[in-house]
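All values below were derived from every heavy atom in this structure, side-chain atoms included, with hydrogens, water molecules and symmetry-related copies excluded. Since we're looking at a predicted model, the values are computed, not measured.
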Amino acid sequence: VINKCNEKAYKIINDKNPDLEDKEEVAKAVGTGAVIFGALINSRIKDIVFSYDKVLNFDGETGPYVQYTYARCCSLLNKAGEIGNYVYDNLLPQEYDLVSMLDKFPQIVISASEKYEPSFITRYAVDVASCFNKFYFDCKILGEEDNVKNFRLTLTKATQTVIKNALSLLRLKTPEKM
């Protein structure tokens with residue numbers, strides 16, 4: 001199953017980004033991560049219905065979707081360079097939603113460990129990715145004035161950190177480019 005997912009992930013990545021360096025390594029991280037994430041997304045007491053197409057979907061409640069969001073954060077932060085200081089207190093709803101979502105991470109980890117339920121972390125990672133992508137599409141980042149740009153880049157950095165830590169708890173890799 002893992003080998004087949006790795007092969008399918010390689011084909012998808014090769015189609016989307018043929019010039020990507022280390023395609024095989026990224027495909028292995030995505031394919032293996034898709035299987036693990038797919039197994040952990042549901043509560044431990046539920047049956048698992050496995051579908052290659054579902055677990056390798058880059059949109060939706062999947063490991064590749066969360067990994068791709070992480071890679072998007074990396075790309076944005078690499079383009080931006082150093083993040084400067086900011087004073088920003090007029091949060092847009094998308095910014096507030098993302099800050100609130102990121103703030104939940106410690107409690108999610110505690111709940112997952114107390115209840116031996118890794119699906120809390122997988123579901124949370126999907127929620128963070130979804131919230132970040134809404135923020136990313138609705139809020140201009142790099143073209144804004146420095147104060148707003150720096151705040152939004154800080155939110156991007158925080159999202160990157162939380163996704164990396166969440167996936168790390170699940171033993172999944174976080175490719176910086178996909």
### Task
Mind checking the CG-OG1 spacing from Leu77 to Thr154? Nearest 0.5 Å is all I need.
9.0 Å
### Task
Count the heavy atoms belonging to other residues, nucleotides or ligands that lie under 6.0 Å from NZ of Lys173, then report whether that count exceeds 12.
no
### Task
Any chance you could lay out the side-chain contact (heavy atoms from CB on, under 4.5 Å) test for Asp127 and Met101, step after step, and finish with the verdict?
CA-CA 8 Å; Asp127 291 345; Met101 180 64 67; 3.8 Å; yes
### Query
Is the number of heavy atoms from other residues, nucleotides or ligands within 6.0 Å of CD (Glu144) greater than 12?
yes
### Message
Between Phe135 and Phe132 (judged by ring centroids, cut-off 6.0 Å), do the two rings come close enough to count as a pair?
### Response
yes
### Query
Rounded to the nearest 0.5 Å, how far apart are CD1 of Ile36 and CD1 of Ile41?
13.5 Å
### Query
Hey, does Leu142 have a side-chain heavy atom less than 4.5 Å from the side chain of Lys79?
yes
#### Entry: Phe151 side chain reached by Leu91 side chain, heavy atoms, under 4.5 Å
yes
#### Entry: Shortest non-hydrogen contact from Ala166 toward Ala125
CB-CB, 4.4 Å
#### Entry: Lys28 NZ: over 12 foreign heavy atoms closer than 6.0 Å
no
### Side chain to side chain, Gln94 and Leu155, heavy atoms closer than 4.5 Å
no
### Query
Do Val87 and Asn147 pass the side-chain contact (heavy atoms from CB on, under 4.5 Å) test, and can you show the C-alpha distance, the side-chain angles, and the key distance before you say yes or no?
CA-CA 6 Å; Val87 177; Asn147 199 42; 4.3 Å; yes
### Message
When you compare the side chain of Leu76 with that of Tyr136, does any pair of heavy atoms fall below 4.5 Å?
### Response
yes
### Task
For Ala158 and Leu102, work out which heavy atoms get closest and say how close.
CB-CD1, 3.8 Å
### Summary
Scanning both residues in full, the closest heavy-atom pair of Leu92 with Cys139 reads CD1-SG, 4.0 Å
### Message
Are more than 12 heavy atoms, taken from residues, nucleotides or ligands other than Asn85, located less than 6.0 Å from that residue's CG atom?
### Response
no
### Pairwise distance CG(Leu167) to OG1(Thr69) - rounded to 0.5 angstrom
9.5 Å
### Task
Report, as yes or no, whether the 6.0 Å neighbourhood of atom OH on Tyr96 holds more than 12 heavy atoms from other residues, nucleotides or ligands.
no
#### Entry: Shortest non-hydrogen separation from Val26 to Ile13 and the atoms involved
CG1-CD1, 3.6 Å
### Message
Quick check: closest heavy atoms across Pro175 and Val30, and the distance to 0.1 Å?
### Response
CG-CG2, 4.4 Å
### Query
What distance separates Cys74 SG from Gln160 CD, expressed to the nearest 0.5 Å?
4.0 Å
### Message
Let me confirm one number: the NZ-CD distance from Lys164 to Gln67, rounded to the nearest 0.5 Å.
### Response
11.0 Å
### Query
Would a hydrophobic clustering, with Ile, Leu, Val, Met, Phe, Trp and Tyr connected at side-chain separations under 4.5 Å, put Val35 with Tyr10?
no
### Task
Drop me the distance from Thr156's OG1 to Ile83's CD1, to the nearest 0.5 angstrom.
7.5 Å
### Query
Would you call Asn133 and Tyr65 a side-chain contact if the rule is heavy atoms closer than 4.5 Å?
yes
### Query
So do the side chains of Leu153 and Tyr86 get within less than 4.5 Å of each other, counting heavy atoms only?
no
### Query
Under a 4.5 Å cut-off applied to non-hydrogen side-chain atoms, are Gln107 and Ile110 in contact?
yes
### Query
What's the shortest heavy-atom distance between Gly33 and Leu172, and which atoms?
CA-CD2, 3.4 Å
### Message
If you define the side chain from C-beta out and look only at heavy atoms, does anything of Arg72 sit under 4.5 Å from Met178?
### Response
no
### Query
More than 12 foreign heavy atoms under 6.0 Å from OH of Tyr124: is that the case here?
yes
#### Entry: Glu82 atom CD: more than 12 heavy-atom contacts under 6.0 Å
no
